[in-house]
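Written out below as structure tokens is the structure these notes cover.
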Number of protein chains: 2
Amino acid sequence: MPTRRSPARRPTMKDIARRAGVSESAVSFALNDRPGVSEATRARVRRVAEQLGWRPSTAARALSGEGAATVGFVLARPAATLGVDSFFLQLVSGIQGVLAERHLGLLFQVVEDVADECAVYRRWWAEHRVDGVLVVDPRADDPRPGLLDELSLPAVVIGGAPDERHPGLSTVWADDAGAMASVVGELTALGHRRIVHIAGLPGLAHTQRRIRTLRAEAARRGLAEVESVTTDYSDAEAAAVTRRVLRGPAAPTALVYDTDVMAVAGLAAAAELGFSVPADLSVVAWEDSALCRMVTPWLSALSRDSVEFGKTAARELLALLDGGPARTVRVPVPRLIERDSTGPARTDRPRSGAANDGTGPGA
Amino acid sequence: MPTRRSPARRPTMKDIARRAGVSESAVSFALNDRPGVSEATRARVRRVAEQLGWRPSTAARALSGEGAATVGFVLARPAATLGVDSFFLQLVSGIQGVLAERHLGLLFQVVEDVADECAVYRRWWAEHRVDGVLVVDPRADDPRPGLLDELSLPAVVIGGAPDERHPGLSTVWADDAGAMASVVGELTALGHRRIVHIAGLPGLAHTQRRIRTLRAEAARRGLAEVESVTTDYSDAEAAAVTRRVLRGPAAPTALVYDTDVMAVAGLAAAAELGFSVPADLSVVAWEDSALCRMVTPWLSALSRDSVEFGKTAARELLALLDGGPARTVRVPVPRLIERDSTGPARTDRPRSGAANDGTGPGA
DNA sequence: TCTTGACACTCAAGCGCTTTAGCAGTTCCC
DNA sequence: GGGAACTGCTAAAGCGCTTGAGTGTCAAGA
């Protein structure tokens, strides 16, 4: 433990230089592993620095040309929709794990929409606050890659498909198409032919990828009654859509939800309508979390390692900051974990008729 | 729109000075609303700055004595337990809303435990990275207030009871005691006399406050069979504890959970054992979220405005940074929202007997 | 013996900003 | 009419660090 010093005085390189009997430059060389000092001096300087509890001032570092030792992360979400969500916290946790090794800070900001997000990038850039950023929720016609290119701010797009128009950006993505194909395969193997995909925001790139894949898979397998419905990701809308499709004629026998939260909400809605899961209806959640094991029946879910996803993204950003080339990295395809909410499609008779009286589909 | 410039060059005050035909100092005075320049010059400088899209370099500002324009927020959570949680994201969102008005950044870090958290504070302080911090999850015998005092790093403790030993810290807290008293009052009014409180981590200050209050309330009302059981906040442990107390002799007629997640997990566990809610058992969740409306029956919950909570905390920190005195602010007592999981206690016969065969409590 | 050059180090400038001191010019007042 | 007291501005130092240009020393090579 260092000896008790007067409280609010940070040690500087000058202090170290004085104590070690060398110049400030020597201290700088010593501490940054640069040639120009003897090993003996280097060791001595290191020792003094350690003893003083010295850490480089990021401000001074940033000012003299080094980076700000910080990366940025913006979450564009209307405050109202910030709900139950395990994905982001896990993602951020993974990101941190990697950044912390290099003592990089994470500047985090929640904003209302993408326009605000762009404003934040501009400000961060002008204020010299971050060395790079992590971008989530890429969307069709996204203004962000172009902006980041213009600012030459290193960036990694998380969850986007590779984008050739902005070769400066790295991309880390999960293969939604492959996952969707596997889900459809699994469901058709169980005999399901009427599948509804309750998707997220229509503007997001991965929503569109999933919808496109579903359509293609349905065409390939000759499934006529397959559709996607987009939502705002809220549990309320998920429940409403679920009620609507289940009450309609030729109700689906399987529902695929784009998030665990929507799946849980949908499950409750289905139960209210008297549908028994998985006997009458199979349910799959895209995104696994404790939530899936907190409802009855337990939800089958597409699981991916969000923490690892974050780590991968952070590593790519580090590579970029080190001057490496932009790359596109694909993380493992989400695995379908079959629990209790999926089962063989009912074969007795195709369900039909508009109104369901709530006493149950087969009664 | 500014004219197209070469990409990666930030405008500096020197640029403004040249364009406006004045010295750098004049620019500084003009832009910081300091006396020393005429209104005409001030306006001209402002216009040029605007036009150039200038923003002060935080690094340079920080280096010349101003703050780092950043506040820190550390979340000490083992990565594994980062689960479904709406509280923190909402809290952070509220914090941001206030900080953004002043263009303050939020440095966010997830660490494993409080020791690591302290290390982060030390590093942030030494690196001159933050002007102040927001501390969550205060606990008994907490090393953090002392450390922050020692570093004279302005801080607001969120969720702590006022602490006289560290007069430098502000505190923003919700009146857990009052809320617990109201819950107990409500439940006893419904006839419940056997209540189990399934609490969170035993080390946290608010856990202890709730437990103490429950005990005091029970004593005051002459309820003998009231107890608190601490958990690690996980859904798994909540379910396990629920099963244990419901299977025990003299099972409780009401359960109070410290989080919505635990309440949902407990609800499922109770359902498995054949308990019907609210007929056999009343359930209250401490913390409201969409989750509470996604299960059957909907959970009665103690609701507070987490976004507002964050805003209040951030405002207190700003006040501190402005040189104001440390204060203790109490946010409104959480309100009990009665939904469908609470009802009159069964009066037919006191439940008893160890083993429950799962066919239902009254069968 | 005198150069070379490698080595270990110091000096000083500069990053973008704030801030104190100072310097002209104007107004004011006895 | 000559200080005093403004007003509106500039010059320069300094925050803590990096870095390129220099300086002194010593050993090896000519």
Side-chain angles (χ1 to χ4, degrees), chain A residues 8-46 48-49 52-70 103 123-131, chain B residues 8-46 48-49 52-70 103 123-131:
Chain A
R9 170 78 213 297
R10 300 167 176 80
T12 72
M13 286 194 1
K14 197 183 281 177
D15 299 323
I16 301 179
R18 197 172 329 113
R19 300 271 265 251
V22 289
S23 72
E24 274 186 68
S25 336
V27 172
S28 177
F29 292 146
L31 294 172
N32 291 314
D33 285 323
R34 262 164 227 283
V37 288
S38 64
E39 276 314 310
T41 308
R42 195 184 298 279
R44 183 157 37 92
V45 168
R46 281 236 185 80
V48 174
L52 252 43
W54 178 87
R55 293 249 70 217
S57 148
T58 43
R61 270 247 164 96
L63 198 52
S64 46
E66 305 286 284
T70 307
H103 294 301
R123 193 148 52 71
W124 279 352
W125 172 80
E127 292 180 352
H128 204 154
R129 260 183 190 279
V130 298
D131 301 329
Chain B
R9 169 80 213 296
R10 299 167 176 81
T12 72
M13 286 195 2
K14 197 183 280 176
D15 299 322
I16 301 178
R18 198 172 329 114
R19 299 270 265 253
V22 290
S23 72
E24 272 187 70
S25 337
V27 173
S28 177
F29 292 146
L31 295 172
N32 290 314
D33 287 323
R34 261 163 226 284
V37 289
S38 66
E39 275 316 309
T41 307
R42 194 184 298 278
R44 184 156 37 92
V45 167
R46 280 235 185 82
V48 174
L52 252 43
W54 177 86
R55 294 247 71 216
S57 148
T58 42
R61 268 248 166 97
L63 198 51
S64 47
E66 304 287 283
T70 307
H103 294 301
R123 192 147 52 72
W124 279 352
W125 173 81
E127 293 180 351
H128 204 155
R129 259 182 190 280
V130 298
D131 301 329

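Sequence lines set the chain letters: A, B, ... in the order given, protein chains first and strands last, and positions in each chain run from 1.
Formation of a donor-acceptor pair under 3.5 Å by the B/R10 side chain with backbone atoms of A/W125 is found in this model. A distance-only check finds a donor-acceptor pair linking the side chain of B/T70 to the backbone of B/A68 [under 3.5 Å].
Rounded to 10 degrees, the angle between the two end axes of the helix from C/dT1-D/dA30 to C/dC30-D/dG1 is 70°, with five pairs used at each end.
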Check nucleotides 15-19 of chain C for protein N or O atoms closer than 3.5 Å to its own N or O atoms and list the pairs.
residue	atom	partner	partner atom	Å
C/dC15	O2	A/L63	O	3.2
C/dC15	O2	A/S64	N	3.4
C/dG16	N2	B/A60	O	3.4
C/dC17	OP1	B/W54	NE1	2.9
C/dC17	OP1	B/S57	N	3.4
C/dC17	OP2	B/M13	N	2.5
C/dT18	OP1	B/N32	ND2	3.1
C/dT18	OP1	B/R61	NE	2.7
C/dT18	OP1	B/R61	NH2	3.0
C/dT18	OP2	B/S28	OG	2.9
C/dT18	OP2	B/N32	ND2	3.3
C/dT18	O4'	B/S64	OG	3.4
C/dT19	OP1	B/E66	OE2	3.3
C/dT19	OP2	B/R34	NH2	3.3

List, with names and distances, any nitrogen or oxygen atoms from the protein found under 3.5 Å away from nitrogen or oxygen atoms belonging to nucleotides 6-8 of chain D.
none

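Among all heavy-atom pairs drawn from A/A62 and B/A59, the shortest one is CB-CB, 3.6 Å. Counting all heavy atoms, side chain and backbone alike, B/H103 lies closest to A/R129 at O-NH2, 3.5 Å.
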Would you give me the side-chain donor-acceptor pairs under 3.5 Å for residues 36-45 of chain A, sequence neighbours excluded?
residue	atom	partner	partner atom	Å
A/S38	OG	A/T41	N	3.2
A/S38	OG	A/T41	OG1	2.8
A/E39	OE2	A/R42	NE	3.3
A/R42	NH1	A/F29	O	3.3
A/R42	NH1	A/A30	O	3.2
A/R42	NH1	A/R34	O	3.3
A/R42	NH2	A/R34	O	2.8
A/R44	NH1	A/A20	O	2.3

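When side chains are defined from C-beta on, B/L31 counts as touching B/I16, because their heavy atoms get closer than 4.5 Å.
In this structure, A/R42 places its CZ atom 13 Å from P of C/dC7, rounding to the nearest Å.
Take A/D15 and apply the side-chain contact (heavy atoms from CB on, under 4.5 Å) test, not counting sequence neighbours, and it matches A/R9, A/P11, A/T12, A/R18, A/L52.
Pairs passing the salt bridge (Lys or Arg N to Asp or Glu O under 4.0 Å) check and including a residue from residues 55-65 of chain A, sequence neighbours excluded, read A/R55-B/E127.
Atom CG of A/L63 and atom OG1 of A/T58 lie 11.0 Å apart (nearest 0.5 Å).
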